[in-house]
Amino acid sequence: MNVSKGQVAKKEDLQKAFGTEDQTEICKQILSKGELQVSEKERSTQLEQMFRDIATIVADKCVNPETKRPYTVNLIERAMKDIHYSVKATKSTKQQALEVIKQLKETMQIERAHMRLRFILPAKDGKRLKEKLKPLIKHVESEDFDQELEIVCLIDPGCFREIDELIRCETKGKGTLEVLSLKDVEEGDEKLE
């Protein structure tokens with residue numbers, strides 16, 4: 001009846017609630033159908049960990065668009081607190097990180113780091129496909145057109161799947177798409193003048 005007071009349930013109550021008086025069977029039922037109660041401390045620790053994980057994902061995927069340098073996890077955590085972001089325990093950290101990026105764009109200079117890709121397209125499809133790819137490409141770094149069209153460019157990571165499908169479908173498997181780097185980030189020390 002009450003765990004903290006040590007009060008044991010009567011046999012009639014057990015029979016009515018579980019349909020049996022066998023304590024082993026009752027324990028099995030509780031374990032299979034019961035709900036786990038999480039203490040306040042456990043819940044807050046879990047939410048803090050998720051908050052940190054979300055900040056880490058955002059810091060890993062984003063850069064300052066002016067300097068192309070990554071943000072630190074602490075800076076992202078502070079920015080998340082400033083916008084009063086509350087973690088949802090039921091959603092994945094990756095989904096929430098993408099939401100956080102959208103919300104942070106309103107208050108600070110932040111954007112997803114671009115991916116660097118190389119496409120090699122057959123000559124007959126090259127021109128036509130380049131026109132279809134143009135709106136999805138942020139910046140073309142190099143373009144070479146001999147027997148086939150080779151383009152090295154930067155794209156928004158959200159467009160990767162669309163570009164991949166376009167190249168696969170339009171070239172019927174003859175075109176290739178290679179990821180050169182998952183994020184285009186400036187590394188090293190900044191030169192001050």
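For clarity, every value in this text was computed on a predicted model and none was experimentally measured. Sequential numbering from 1 along the given sequence is applied to the chain's residues.
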More than 12 heavy atoms from other groups under 6.0 Å of CD on Gln147: no
CD (Gln7) with more than 12 external heavy atoms under 6.0 Å: yes
Chi angles and distances behind the salt bridge (Lys or Arg N to Asp or Glu O under 4.0 Å) call for Glu131, Lys134: CA-CA 5 Å; Glu131 290 308 309; Lys134 235 182 199 148; 3.7 Å; yes
Note, Tyr85 side chain near Leu104 side chain (heavy atom, < 4.5 Å): no
Minimal non-hydrogen separation, Thr45 against Lys41, with atom names: OG1-O, 2.7 Å
Sub-4.5 Å side-chain heavy-atom contact between Leu129 and Ile167: yes
Approximate separation, where rounding is to 0.5 Å, of Ile163 CD1 and Lys132 NZ: 14.0 Å
ILVMFWY cluster, Met115 and Leu98 together (side-chain gap under 4.5 Å): no
ILVMFWY network linking Ile57 to Met108, side-chain heavy atoms under 4.5 angstrom: no
Step-by-step side-chain contact (heavy atoms from CB on, under 4.5 Å) determination, Ile137 to Phe119: CA-CA 12 Å; Ile137 296 172; Phe119 330 122; 3.8 Å; yes
Check: Arg52/Gln49 side-chain N/O donor and acceptor closer than 3.5 Å: yes
Transitive ILVMFWY side-chain link Ile54 to Ile83, under 4.5 Å: yes
4.5 Å side-chain heavy-atom contact, Leu121 and Leu133: yes
Closest approach of Ala89 to Leu47 (non-hydrogen atoms, all atoms of both residues): CB-CD2, 4.0 Å
Close side-chain approach of Glu141 to Leu180, heavy-atom, < 4.5 Å: no
Non-hydrogen atoms of Ile101 and Arg112 that approach each other most closely: CD1-CD, 3.7 Å
Cluster link Leu177 to Val179, ILVMFWY, side chain under 4.5 Å: yes
Donor-acceptor pair, side chain of Glu162 and main chain of Cys159, under 3.5 angstrom: no
Glu25 side chain to Thr20 backbone, donor-acceptor under 3.5 Å: no
Distance in Å, Glu143 CD paired with Ile151 CD1, rounded so as to fall on 0.5 Å steps: 4.5 Å
Rounded distance (nearest 0.5 Å) linking atom OG1 of Thr56 with atom CZ of Phe51: 10.5 Å
Joint hydrophobic cluster, Leu166 plus Leu149, side-chain heavy atoms closer than 4.5 Å: yes
Side-chain donor/acceptor of Gln96 to backbone N/O of Val87, under 3.5 Å: no
Separation between OG of Ser142 and CZ of Arg118, rounded to the nearest 0.5 Å: 8.0 Å
Nearest heavy atoms of Ala59 and Pro70, plus distance in Å: O-CB, 4.5 Å
Evaluation steps, side-chain contact (heavy atoms from CB on, under 4.5 Å), between Gln109 and Glu66: CA-CA 8 Å; Gln109 291 277 326; Glu66 289 173 9; 3.6 Å; yes
Electrostatic pair Glu40-Arg43, nearest N-O below 4.0 angstrom: yes
Other residues, nucleotides, ligands: >12 heavy atoms within 6.0 Å of Lys94 NZ: no
Gln103 side, atom CD; His84 side, atom NE2 - distance, nearest 0.5 Å: 11.5 Å
Closest heavy-atom pair and its distance - Ala113, Pro157: O-CG, 3.2 Å
Criterion side-chain contact (heavy atoms from CB on, under 4.5 Å) on Glu99 and Lys88, from CA distance to verdict: CA-CA 11 Å; Glu99 281 176 25; Lys88 294 153 195 79; 3.9 Å; yes
Pair Ile30-Phe18, side-chain contact (heavy atoms from CB on, under 4.5 Å): steps then yes or no: CA-CA 9 Å; Ile30 291 171; Phe18 297 102; 3.9 Å; yes
